[in-house]
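Single-structure report; data block below.
Residues: numbered from 1 along the sequence shown. When a ligand or atom number is given, it counts from 1 through the structure's own listing order.
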Amino acid sequence: MSRRKFKFWGWGYADEQVPADERARLTAHVAKRFAVDGFGAETPPPTVAEIALRPSRIRAPGSLSDLLGDDPEDRLIHSYGKSYPDSVRAFARHFPEPPDLVARPRNEAELIAVLDFADSIRAAVVPFGGGSSVVGGVEPAVTQDYAGVITLNMQRLDRVLEVDPVSRSARIQAGVLGPDLESQLRPHGLTLRHFPQSFAFSTLGGWIATRSGGHFATVCTHIDDLVESVRVVTPRDVSESRRLPGSGAGPSPDRLFIGSEGILGVITEAWMRLQRRPQFRAGTAVRFTDWHRAVDAIRMLAQSGLYPSNCRIIDAEEATMTRAGDGSAHVLVLAFENADHPVDAWMARALEIVAEHGGDWNRDAASAADGHRSGESGAWRDAFLRAPYYREVLTANGIMYDTFETAITWERFHELHARVIDATRRAIRDVTGREGSVSCRFTHVYPDGPAPYFSFYALPRRGAELQQWREIKEAASEALLAAGGTITHHHAVGRDHRPWYDRQRPEAFATVLRAAKRALDPNALLNPGVLVDPE
Ligand SMILES: Cc1cc2nc3c(=O)[nH]c(=O)nc-3n(C[C@H](O)[C@H](O)[C@H](O)COP(=O)(O)OP(=O)(O)OC[C@H]3O[C@@H](n4cnc5c(N)ncnc54)[C@H](O)[C@@H]3O)c2cc1C
């Protein structure tokens with residue numbers, strides 16, 4: 001399994017950089033959009049030597065010395081997730097709260113030993129999968145009540161332990177990264193078919209802990225749908241649910257831990273539902289000049305029973321920013337796939353629906369099996385795959401780029417869309433003194449509503465990026481909540497979404513969640529500040 005070192009200040013491995021020509025193309029494109037000549041001096045990425053790291057406040061006992069380490073680079077790697085504010089602070093060489101120690105257990109016994117040690121010295125423990133959180137979920141920022149923080153890196157638990165080809169499921173350790181997971185399933189002709197954009201640097205346990213959303217637009221959108229049973233080590237006990245295809249036996253024990261963001265226990269393994277690898281594919285890009293008609297077309301598709309694997313409308317602004325279009329049309333990336341039978345009939349019916357709503361596409365290329373790799377679909381796909389790496393170029397050039405996402409029922413979508421775009425644009429203008437770019441696409445579509453995903457670019461004042469980002473983020477989040485949306489459809493709550501999550505959830509549910517926390521983690525060791533406050 002992969003053991004390359006992660007970059008501590010950005011996306012990817014430490015030895016990966018965006019090549020100079022690609023950086024130049026990207027900054028030139030953004031400069032053109034903002035009608036500026038350039039962005040001034042690019043901030044070089046930080047080096048380990050430049051950062052004066054706070055000395056570790058705790059020491060590993062001899063018995064755990066091969067599990068717990070305080071290597072400076074390792075502590076830096078575990079200091080932040082991968083959000084815009086994380087990137088700004090990394091480029092500012094600002095790492096005031098690194099974990100004191102990083103633990104890498106190889107099995108449950110070692111993991112329990114780490115939890116026991118943390119409990120004995122009153123250290124907080126932050127479970128860490130790939131560290132791709134964009135909501136402050138892995139940040140070791142805790143109050144003075146704790147003696148220090150141990151970050152629990154799960155990546156040594158990286159095996160597919162059993163495959164059941166009859167029921168088509170597998171028992172998988174939680175620390176496995178996406179590519180390693182799929183490479184272990186491939187010889188069995190099976191796939192988990194869960195591909196978040198962060199796939200390469202996120203883990204099964206992280207996906208379950210955050211209720212991640214995969215790349216596929218319909219049916220099994222969230223990891224929740226793929227979990228057959230889950231095993232969790234809590235500070236109190238070990239919880240393991242039965243493998244069942246479904247169960248009506250009271251509230252679901254799995255649902256207690258799916259989405260628990262590391263506050264109730266550490267997910268160590270799960271039985272996951274698998275699928276055969278798809279053999280049949282069809283894909284194309286459909287252009288719409290009218291946004292409302294495009295949304296109607298997608299609603300019809302979502303309610304048609306066709307269930308496309310990709311059904312992503314990208315508005316004209318996002319098409320421009322990602323170079324998937326010239327801004328003259330909204331682009332629907334539409335695709336079907338199946339392991340059992342051809343999907344041409346599905347595509348043909350979908351194209352009838354979009355045609356009824358003014359959609360237009362290249363008739364010669366329609367339904368090609370590799371349609372998602374060419375034309376506007378291909379351009380957007382390339383931008384999507386490279387986007388995580390581009391943050392380091394954008395931040396280094398003083399460009400603010402961030403995304404946020406939600407879900408809403410269809411009848412309220414247009415109002416939410418208008419309010420959120422307006423509030424975000426206004427906040428960018430008020431805060432930075434110039435117009436920004438705010439765009440929308442759908443990541444997932446359900447029969448009763450879409451999951452809209454917003455991206456924005458702005459040019460903040462150098463040195464004031466964090467404050468200006470916070471003001472824009474607050475305006476956007478307030479608009480989301482006021483329009484009836486959720487503060488997150490799949491990015492999770494972490495520390496950053498707490499103010500809005502606290503207002504969104506029913507108070508009775510908050511009471512139960514706090515009680516569950518007290519029962520399973522009585523000394524509040526795990527991930528303090530995420531989802532609930534430590535008592
Ligand atoms: C470029 C980019 C693209 C992204 N795209 C998507 C996307 O398409 N869909 C999506 O849903 N999200 C996306 N995200 C967000 C992020 O990747 C997801 O939240 C992902 O599920 C986190 O997995 P991870 O292994 O990196 O977890 P981490 O970031 O390490 O942890 C996330 C949270 O889960 C907890 N945790 C981790 N492992 C465990 C465990 N074994 N047991 C208990 N708690 C645990 C942590 O304490 C933390 O609270 C994206 C992020 C980035 C930076």
Looking at ligand 1, does any of its N/O atoms fall within less than 3.5 Å of an N/O of His491?
-> no

Taking the minimum heavy-atom distance to atom 47 (O) of ligand 1, which of Gly262, Pro127, Gly205, Pro388 ranks first?
-> Pro127

Select the closest option to atom 28 (P) of ligand 1 among Gly131, Gly494, Gly10, judged by heavy-atom distance.
-> Gly131

So, Glu22 and Tyr389: side-chain donor and acceptor under 3.5 Å apart, yes or no?
-> no

Distance-only side-chain donor-acceptor flag, Asp254 / Ser252, under 3.5 Å | no

Main-chain N/O of Pro528 paired to Arg495 side chain as donor or acceptor, under 3.5 Å = yes

Matching residue for Thr488 among His497, Gln504, Glu405 - test: side chain to side chain donor-acceptor pair (under 3.5 Å) = Glu405

Flag for Asp158-Gln173: side-chain donor and acceptor within less than 3.5 Å = no

Val138 heavy atom under 4.0 Å from ligand 1 | yes

Any idea which protein heavy atom is nearest atom 42 (N) of ligand 1, and the distance to it?
-> Ile267 N, 2.9 Å

Consider ligand 1: state whether an atom of it lies below 4.0 angstrom from any non-hydrogen atom of Trp11.
-> yes

Would you say ligand 1 has an N or O under 3.5 Å from any N or O of Gly213?
-> yes

Check Thr210 against ligand 1 and report side chain, backbone, both or neither, counting heavy atoms closer than 4.0 Å.
-> side chain

To which protein heavy atom is atom 35 (C) of ligand 1 closest, and what is the distance rounded to 0.1 Å?
-> Ala209 CB, 3.8 Å

Using distance alone, decide if ligand 1 has a nitrogen or oxygen within less than 3.5 Å of any nitrogen or oxygen in Gly130.
-> yes

From Arg255, His489, His490, residue fulfilling side chain to side chain contact (heavy atoms under 4.5 Å, CB included) relative to Arg211 = Arg255

Identify, for atom 48 (C) of ligand 1, the protein heavy atom at the shortest distance, and state residue, atom and that distance.
-> Gly137 O, 3.4 Å

Quick one: does Val134 get an N or O within less than 3.5 Å of an N or O on ligand 1?
-> no

Thr191 and Glu182: side-chain donor and acceptor closer than 3.5 Å?
-> yes

Without hydrogens or angle criteria, can the side chains of Arg312 and His215 be said to hold a donor-acceptor pair below 3.5 Å?
-> yes

Going by distance only, is there an N or O of Arg211 that falls short of 3.5 Å from an N or O of ligand 1?
-> no

Side-chain donor-acceptor pair present, Ser212, His194, cut-off under 3.5 Å = yes

Return yes if a side-chain donor-acceptor contact under 3.5 Å exists between Asp180 and Ser183, otherwise no.
-> no

Which segment of Thr203 sits under 4.0 Å of ligand 1 when only heavy atoms are counted = both

Hey, can you tell me if Tyr453 and His491 have their rings parallel, tilted or perpendicular (30° and 60° cut-offs)?
-> perpendicular

Is there a nitrogen or oxygen of Met154 sitting under 3.5 Å from a nitrogen or oxygen of ligand 1?
-> no

Purely on distance, is any nitrogen or oxygen of Ser132 under 3.5 Å from one on ligand 1?
-> yes

When you look for heavy atoms under 4.0 Å from ligand 1, do you find them on the side chain of Ala492, its backbone, both, or neither?
-> neither

Residue, atom name and distance, where the atom is the protein heavy atom closest to atom 10 (C) of ligand 1 = His490 CD2, 3.3 Å

N or O contact, Gly129 vs ligand 1, cut-off under 3.5 Å = yes

Atoms of ligand 1 under 4.0 Å from any heavy atom of Val266, numbered from 1 in the order shown, are 42 (N), 43 (C)

Is Gly265 in contact with ligand 1, taking contact as a heavy-atom separation below 4.0 Å?
-> yes

Ranked by distance from atom 13 (C) of ligand 1, the top protein heavy atom is Ser198 OG, 3.8 Å

Just need the protein heavy atom nearest to atom 8 (O) of ligand 1, so name the residue and atom and give the distance.
-> Gln197 N, 2.8 Å

Measure the distance from atom 27 (O) of ligand 1 to every protein heavy atom, then report the residue, atom name and distance (to 0.1 Å) of the closest one.
-> Gly206 CA, 3.5 Å

Does any donor atom in the side chain of Gln155 or Thr203 lie under 3.5 Å from an acceptor atom in the other side chain?
-> no

Atom indices of ligand 1 within 4.0 angstrom of Phe128 heavy atoms, with elements | 30 (O)

Please confirm whether Phe6 and Phe201 have ring centers closer than 6.0 angstrom.
-> yes

Are Thr218 and Tyr446 close enough that a side-chain donor and a side-chain acceptor fall under 3.5 Å?
-> no

Looking only at heavy atoms, which two atoms of Leu264 and Leu256 are closest? And how far apart?
-> CD1-O, 3.6 Å

Can you find an N/O atom of Lys82 closer than 3.5 Å to an N/O atom of ligand 1?
-> no

Report yes if some N/O of Ser212 lies less than 3.5 Å from some N/O of ligand 1; otherwise report no.
-> no

Considering heavy atoms of the protein only, find what lies nearest to atom 29 (O) of ligand 1 and give residue, atom and distance to 0.1 Å.
-> Ser133 N, 2.8 Å

Going by distance alone, is a donor N or O of one side chain under 3.5 Å from an acceptor N or O of the other, for Thr320 and Arg33?
-> no

